[in-house]
Structures are given as C-alpha cells and as structure tokens.
2 protein chains.
Amino acid sequence: MRPDDFPEIRALPLFRDMAEEGFHALMRGAYVQNFPPQVDLIREGEPSDFLHVLLDGLVELFATWNGRETLLATTRPVTTFILAATIRDAPYLMAARTMTRARVVLIPSEDVRAAFDADPAFARAIVADLAQSYRSVVKNTKDLKLRSSLERLANYLLREQRRAGAAPAFDLPFDKRRLASLLGMTPENLSRAFKSLQAYGVATDGGRIAIGDQADLERFAKPNPLIDDRST
Amino acid sequence: MRPDDFPEIRALPLFRDMAEEGFHALMRGAYVQNFPPQVDLIREGEPSDFLHVLLDGLVELFATWNGRETLLATTRPVTTFILAATIRDAPYLMAARTMTRARVVLIPSEDVRAAFDADPAFARAIVADLAQSYRSVVKNTKDLKLRSSLERLANYLLREQRRAGAAPAFDLPFDKRRLASLLGMTPENLSRAFKSLQAYGVATDGGRIAIGDQADLERFAKPNPLIDDRST
DNA sequence: GTCGAGGATTGATAAATATCAATCAATGAA
DNA sequence: TTCATTGATTGATATTTATCAATCCTCGAC
C-alpha cells in the first residue's frame with residue numbers, strides 16, 4: 001500500500017473516528033490492487049473474505065438469475081462496498097466488476113470484525129454505515145414499486161443533477177445501457193423515456209443532460225426526500 | 001409492562017446477549033400498548049422516537065407516494081421493527097399499521113442508542129440485525145428486478161412452504177390483496193397468476209395452498225438461496 | 001336463517017414494457 | 001483515414017401488467 005493512500009481511507013466516515021492503533025492494525029493486513037476495466041472483483045455467492053475500498057475508478061455491483069442480469073448500484077471513489085457480507089461473514093449477494101481501470105484496497109474480513117470488537121468508535125461507524133445502506137436500499141425499493149419507469153428516470157435525473165451541484169446541465173456517470181439496467185428497464189425503453197421527457201424540458205446530447213425547466217420537471221417527477229434523498 | 005413480557009423480549013437475538021443491567025435499564029423506559037386492528041402505529045416521515053417490538057398480532061409495513069401505496073413487509077411476533085431509523089435518528093421510511101389486534105412494546109430511541117454505546121454485546125447484536133436486514137432488502141430487490149410477477153409468486157410460495165415446515169399444504173399468512181401488493185402486482189393479476197401456476201401443480205382453496213408437485217414447481221421457480229433464503 | 005360488505009375472481013380492454021430487427025453514430029485499432 | 005465494434009436509436013410487434021366493470025363468494029352482524 002502506498003503511504004499516500006492512507007489519508008484517503010482514513011478520511012472515510014467508516015474509519016475517521018477509529019483509534020490510531022486499530023486503524024494501523026487494519027491497514028497492516030490490507031493491500032492495494034490495480035485492475036484493468038471489465039474485471040470481475042467479486043462473484044455472487046462467494047465467501048466474503050475482504051472488505052473492499054475503491055480508491056480510483058468505477059465499479060459496478062450487479063446480480064444475476066436465470067440468465068438475466070441487473071445493475072444494482074455503482075460505486076465511485078472513495079467508498080467501501082459489501083460491508084454487510086463482511087460483517088455477517090456471509091456470501092456476497094452481488095457481483096462486482098470494474099467499469100474502468102480501478103485501484104482497490106482489500107481488507108481481510110476477519111480483521112474488520114476484530115476491529116469492530118476492539119474499537120467502539122469503529123463499531124459506531126459501522127452501525128451508522130449499515131443503517132444508512134439499509135435505508136438507501138429501502139428507498140430504492142419504494143422507487144421501484146411505486147413509480148413507473150418514466151417517473152424513475154425523471155427522479156434519477158433530478159438526483160444526479162443535485163449531485164452535480166444543481167447545475168442545469170450535467171453528464172451521466174456511465175452509459176445508457178447501464179442506466180437502463182439500474183432503473184429496471186431496457187435500453188430501448190430508456191431511449192423512449194428520454195424522448196418523452198422532452199415534453200418537460202429535458203434535452204439530451206449523448207450522455208449530457210440539460211434540464212430546461214426545473215419546475216416543470218419537478219412537477220412531473222414529484223421527488224420525495226423519503227425516496228430520493230439517498231444521504232439520510 | 002407485564003412481567004411475563006420480559007422473557008419473550010429477552011429471548012430475541014437483539015437482546016439475548018445484553019448485560020442484565022443494561023437490559024433492565026432499557027425495559028424501565030419501555031412500555032406496552034395494545035392496539036385494535038387497522039390502527040396506524042407509525043407514519044412515513046415522522047421522527048423515529050421509539051423502537052417497536054411486536055409481541056402479539058400482525059403489523060404491516062407500507063409506503064406511499066403520489067396517491068399509490070405498496071406493502072413492503074409484514075412482521076409477526078416476536079420481532080423488532082424500524083431499527084435503522086432508530087439508530088440513525090432519522091425519519092421513518094415506512095408506515096406501520098396493525099392488521100389484527102396487536103400488543104407492541106415501545107422503547108425510546110434515545111435509550112436504545114445509549115444502550116448501544118454502553119453494551120458491546122448489544123452493539124454486536126444491532127450490527128448483526130442491521131446487516132441481516134440490509135441483505136434481506138437486497139434479496140427482495142433482486143427478486144423484483146430479475147423476476148416476472150409469476151416467478152415472484154412461485155418463489156414466494158416455496159418460501160412460505162419452507163417456513164411452514166416444508167409441508168405440501170399451508171395457509172397464506174394474510175389476504176391476497178396484501179400479497180399482491182407485497183409482490184408488486186394487482187389483485188387481479190395475482191388471481192391470474194395463481195391460475196397459471198395450476199399448470200405446475202399448485203392448487204388453491206381460499207387462502208390454503210397445496211403444492212402437488214414440488215419438483216415441477218421448483219423447476220419453474222428456480223429458487224436461489226441468494227434471493228430466497230431470507231435468513232442469512 | 002337473511003342481508004351486506006369486502007375480498008376474490010373473471011372477462012374485456014388499455015397501457016406499459018419488452019423483444020426483435022434494422023439502422024445510425026461514436027470511437028478506437030490498424 | 002478506414003474499418004470494425006459497440007452502444008444508441010427507431011419502428012414494428014409481442015408480451016406483460018394494469019384498469020375497469022361485473023359478478024361471485026364468504027363470513028359476520030343481526
């Protein structure tokens with residue numbers, strides 16, 4: 001592990017409040033790996049031997065069943081992923097694959113569980129992280145069950161816009177094929193959905209989105225913090 | 001609180017390993033309430049003042065948006081619910097309503113958070129509970145995104161059957177209107193789905209389900225532990 | 001027992017979404 | 001540059017799912 005990786009990891013909410021000693025113990029067992037794009041990091045059903053921390057690049061989390069595949073989430077730096085499996089010492093429920101070149105820290109799951117027992121501040125951070133992750137998935141379920149695909153897209157755009165600093169134009173973080181899968185629709189349908197949203201002032205140019213009439217789009221999308229605020 | 005409520009609560013995985021003193025401190029601030037059927041216990045968006053423990057009866061957890069409503073889960077005794085909101089001190093994401101007469105213990109959220117800080121065994125139990133809840137919702141998301149409504153019903157029946165001790169016949173735990181909402185479909189569609197499953201040996205008589213040909217149904221449903229095993 | 005009320009079912013139709021096939025456009029390798 | 005590959009879009013069609021309306025049960029109140 002490069003020494004300058006430490007501060008980035010240390011700054012994560014999950015590790016921020018750890019005692020110095022425990023953090024170093026964790027880092028001693030950890031190591032960094034570099035991956036090319038399109039590499040499987042994790043396969044569904046495998047034992048969860050490592051907690052992963054993404055330092056650079058993009059990683060997609062997806063699941064498969066009966067020959068079908070769906071995108072469940074994407075992670076951007078710097079974030080941890082698959083904490084729950086690590087804690088439960090249970091098989092991964094999602095697979096992970098690099099979308100770009102990526103640099104990832106692998107921390108042995110045993111060490112994480114040991115640190116949890118040893119450091120109350122770390123325990124608190126883990127609980128906060130899990131509770132937040134849980135709530136985030138519940139919000140996603142509400143999105144899926146209560147909204148049509150067009151409504152999901154409209155609200156997704158508003159969320160991405162907010163992440164981009166509420167600017168009237170922003171870029172999609174990945175291709176539309178993946179976005180379709182994330183939103184639970186086909187690429188063809190996504191194309192048509194974008195076209196339908198033109199009526200509410202949404203313009204697209206490749207992966208660039210421009211929201212012409214904020215109020216109009218929001219009137220249609222009816223965003224709700226209990227679904228769309230993915231931070232609390 | 002009736003003294004004979006204590007053992008039931010104490011036996012829950014969440015409280016089982018707590019130090020005696022901490023458990024009693026929690027119980028001192030807690031109180032029991034009895035509710036008639038169809039009473040709102042919790043409304044979406046309200047501050048999460050209490051952790052709830054269901055002692056008797058059935059409670060449904062649901063969510064609404066834009067005039068639509070969907071059932072997200074049901075709880076049976078003895079279980080806690082909405083732990084994540086309590087921990088995060090964040091608004092409830094789901095509403096809760098009694099389906100039958102119900103007896104519920106209310107534990108002030110502050111007390112739960114205090115006990116978390118004071119008792120490492122309780123902290124461990126909370127983490128285990130949250131990690132498990134998270135994984136359970138992820139499995140549900142995979143079910144929703146990867147399967148058709150007919151496939152969801154088939155797998156739901158297999159899960160309920162297993163819960164009923166793998167018997168060839170068992171009763172649905174609530175009415176079909178609710179089941180339809182839980183599975184993300186309309187009651188009309190559920191009726192037709194049951195009819196379609198007759199081809200795989202599923203017979204219904206009111207809320208009673210008989211699985212005539214286990215292997216045949218499983219061949220169609222393709223159950224998968226990474227979706228359908230809701231206990232790990 | 002009779003009567004209602006609410007859930008369940010059925011049929012007809014509409015809407016949403018997926019599939020299939022055919023371009024079209026962008027991008028990177030040679 | 002040119003070609004090949006991959007993603008995006010479009011149109012036509014099929015499938016899935018929802019909606020609407022009309023019964024049909026079932027079960028509890030009286």
Side-chain angles (χ1 to χ4, degrees), chain A residues 36-38 58 60 65-71 74 97 99-101 143-157 171-199 202-209 220, chain B residues 36-38 58 60 65-71 74 97 99-101 143-157 171-199 202-209 220:
Chain A
Q38 311 300 337
L58 293 174
E60 58 183 340
W65 179 78
N66 194 27
R68 299 166 211 169
E69 176 175 322
T70 189
L71 184 58
T74 62
R97 184 198 294 138
M99 297 166 70
T100 62
R101 277 173 32 82
D143 190 47
L144 276 172
K145 290 186 75 179
L146 289 167
R147 290 173 173 162
S148 71
S149 59
L150 189 57
E151 291 164 342
R152 289 199 297 278
L153 174 60
N155 281 290
Y156 173 84
L157 294 179
D171 289 307
L172 296 175
F174 38 78
D175 60 34
K176 291 180 181 170
R177 210 168 39 89
R178 285 189 173 88
L179 177 57
S181 182
L182 183 67
L183 294 176
M185 56 205 289
T186 58
E188 294 95 328
N189 238 332
L190 179 63
S191 264
R192 292 173 187 123
F194 270 120
K195 194 173 282 186
S196 300
L197 288 184
Q198 286 176 7
V202 176
T204 62
D205 174 21
R208 184 139 190 100
I209 309 295
F220 170 72
Chain B
Q38 310 301 338
L58 292 175
E60 57 182 342
W65 179 78
N66 195 25
R68 301 166 209 169
E69 176 176 322
T70 189
L71 184 58
T74 62
R97 185 197 294 139
M99 297 167 69
T100 62
R101 278 173 32 82
D143 191 47
L144 277 171
K145 290 186 73 180
L146 289 167
R147 288 172 173 163
S148 72
S149 59
L150 189 56
E151 290 164 341
R152 289 200 296 278
L153 175 59
N155 281 291
Y156 174 85
L157 294 179
D171 289 306
L172 296 175
F174 38 77
D175 61 33
K176 291 180 182 170
R177 213 169 36 90
R178 285 190 174 88
L179 177 56
S181 182
L182 183 68
L183 294 176
M185 56 205 289
T186 58
E188 294 95 329
N189 238 332
L190 179 63
S191 263
R192 292 173 188 124
F194 270 121
K195 193 173 281 187
S196 301
L197 288 183
Q198 286 176 7
V202 175
T204 63
D205 175 21
R208 185 141 191 96
I209 309 296
F220 169 73

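A, B, ... follow the sequence lines: proteins, then strands. Residue 1 opens every chain. These numbers come from the heavy atoms of this one structure, side chains and all, not from hydrogens, waters or symmetry mates.
With rounding to whole Å, A/Leu146 atom CG is found 16 Å from D/dT17 atom C1'. Atom CZ in A/Phe194 sits roughly 17 Å away from atom P in D/dG7 (whole-Å rounding). We find that CD of B/Glu188 is positioned 13 Å from C1' of D/dT23, with the value rounded to whole Å. In this structure, A/Arg147 atom CZ and C/dA15 atom P are separated by 23 Å, rounded to whole Å. If you measure from atom CG of B/Leu190 to atom C1' of C/dA8, you get 10 Å, rounded to the nearest angstrom. We find that NZ of B/Lys195 is positioned 17 Å from P of D/dT17, with the value rounded to whole Å. With rounding to whole Å, A/Leu172 atom CG is found 14 Å from D/dG7 atom C1'. Rounded to whole angstrom, the span from the CZ atom of B/Arg152 across to the P atom of D/dT16 amounts to 13 Å.
Closest contact between the side chain of A/Thr186 and the listed nucleotides C/dA18, C/dT10, C/dT17 involves C/dA18. Relative to the side chain of A/Asp175, the nucleotides C/dT17, D/dG7, D/dT17 differ in distance, and D/dG7 lies closest. Looking at the side chain of B/Met185, the nearest of the listed nucleotides C/dT9, C/dT17, D/dA18 is D/dA18. Of the candidate nucleotides C/dT19, C/dG7, C/dT10, C/dG7 has the atom nearest to the side chain of B/Arg177.
Listed for the A/Arg147 side chain is no donor-acceptor partner under 3.5 Å among the backbone atoms of A/Arg152. Although no hydrogens or angles enter the test, the distance criterion places no donor-acceptor pair under 3.5 Å between the side chain of B/Lys176 and the main chain of B/Glu188. The closest donor-acceptor contact from the side chain of B/Ser181 to the backbone of B/Leu71 lies under 3.5 Å.
Position along DNA chain C of the nearest nucleotide to B/Arg192 versus B/Lys176 favours B/Lys176 as the more 5'-ward residue.
Side-chain nitrogen and oxygen atoms of B/Asn189 include none within less than 4.0 Å of the OP1 or OP2 phosphate oxygen of D/dT17. Contact annotation: A/Ser149 reaches the phosphate of C/dT17 (side-chain N/O to OP1 or OP2, under 4.0 Å).
Under 3.5 Å, the side chain of B/Arg178 and the base of C/dG7 form no donor-acceptor pair of N or O atoms.
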Check the pair B/Phe174, B/Glu60 against side chain to side chain contact (heavy atoms under 4.5 Å, CB included), reporting the backbone distance first and the verdict last. CA-CA 10 Å; B/Phe174 38 77; B/Glu60 57 182 342; over 6 Å; no

Begin from the C-alpha positions of A/Thr74 and A/Leu182 and carry the test side chain to side chain contact (heavy atoms under 4.5 Å, CB included) through to its verdict. CA-CA 9 Å; A/Thr74 62; A/Leu182 183 67; 5.6 Å; no

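In this structure, the separation between CZ on B/Phe220 and CG on B/Leu197 is 6.0 Å, given to the nearest 0.5 Å.
Only at 4.0 angstrom or more do the heavy atoms of residues 202-209 of chain B sit from any atom of DNA chain D, so none qualifies.
Heavy-atom neighbours of A/Asn66 CG from other residues, nucleotides or ligands within 6.0 Å: above the threshold of 12.
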